[in-house]
Amino acid sequence: MLPLEAWASRPVTEVAVSLLGSTLRHGPVTVRITEVEAYAGESDPASHAHRGPTPRTRVMFGAPGRLYVYRSHGLHWCANIVCGPDGLASAVLLRGADVIAGEAEARTRRGGVPYERLARGPGNLASALGLTGTDSGALLSRAPLGWTAAHTPVGQVQRGPRVGVSGASEREWRFWLAGEPSVSAYRRSARAQPG
DNA sequence: CTACCGATATTCT
DNA sequence: GAATATCGGTAGA
């Protein structure tokens, strides 16, 4: 567990691991995070921040504790948590979670899928929480959002290469909790080098 | 399990 | 103007 105030002074990978098991609320829906990926700012070729600040990515270059939400493939919204420190543009992509409150509200957006698929995958997670582009830049500490640190079950943390990135695949910066059904299936990027 | 492909904001040329 | 993308549902094997 790592309090929000400590995020700026820790490596983004450590913050990412500490987010596993913590909870995020948006309105009536609360989820417990089971899978994340770390993105290390401008120096990380897989990060949206790699080419410097743009109107879309500006929020990542600011202080930690805000959401960065972007549209993926023209169809889905995906949510990141900005980790800081200020200027470095580090962020953690939320890839999988369990819905622990507000399941009925989540189902109005996700339909009658099995429970473990309500928030499995970054697009589905943002959908279950009802996050869209208008939530990009919103403070985690301010309603309707809420974030609660929890003790990370360190012995259950596993790691592997990030999903869907075409570069920097040697960085095993995807972290998840072993045995959680809400962890998404691994899909290699269509452009990743075979092997 | 794998393969396909939708539909669009954002960025680059 | 064109290329790209931190993906997911569905069809088919």
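Labels below follow one simple rule: chain letters A, B, ... track the order of the sequence lines, proteins then strands, and each chain is numbered from 1. Both backbone and side-chain heavy atoms feed into the values below; hydrogens, waters and symmetry mates do not.
Here the side chains of A/V36 and A/L93 are not in contact, with every heavy-atom distance at 4.5 Å or above. Proximity of A/L140 to A/I81: side-chain heavy atoms (C-beta onward) are separated by under 4.5 Å at one or more points.
Within 4.0 Å (heavy atoms only), A/R162 reaches no atom of the nucleic acid at all. The residue A/S47 sits close to a base: some heavy atom pair falls under 4.0 Å. No engagement by A/A91 is indicated, since no non-hydrogen atom pair under 4.0 Å with the nucleic acid exists.
Here the side chain of A/H73 is nearest to one of B/dT8, C/dG8, C/dC7, namely C/dC7.
No salt bridge links A/R120 with A/E116; every basic N to acidic carboxylate O contact stays at or beyond 4.0 Å. Salt-bridge check for A/R162 with A/E37: failed, with every basic side-chain N at 4.0 Å or more from each acidic carboxylate O.
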(message) Could you write out DNA chain B as dot-bracket? Rules: Watson-Crick or G-U wobble, both distances under 3.5 Å, brackets [ ] for crossings, | for pairs with another strand, dot for unpaired.
(response) ||||||.|||||.
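For the ring pair (Phe, Tyr, Trp, His ring centres under 6.0 Å) test, residues two or more places apart in sequence or in another chain that qualify with A/Y70 are A/H48, A/Y68.
Here the P atom of nucleotide C/dA5 and the CG atom of A/N80 are 16 Å apart, to the nearest Å.
A cation-pi contact links A/R174 to A/W176, judged by a cut-off of 6.0 Å to the six-membered ring centre and 45° from its axis.
Looking at residues 107-128 of chain A, you'll see A/R110, A/G121, A/P122, A/G123, A/N124 sit with a heavy atom under 4.0 Å from some atom of DNA chain C.
Between A/R187 and C/dG8 there is no side-chain polar atom (N or O) within less than 4.0 angstrom of OP1 or OP2.
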(request) With side-chain contact (heavy atoms from CB on, under 4.5 Å) as the test, would you mind laying out the steps for A/L129 and A/L24 before giving the verdict? (result) CA-CA 9 Å; A/L129 280 172; A/L24 177 65; 3.8 Å; yes
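Counting all heavy atoms, side chain and backbone alike, A/A97 lies closest to A/S182 at O-CB, 3.3 Å.
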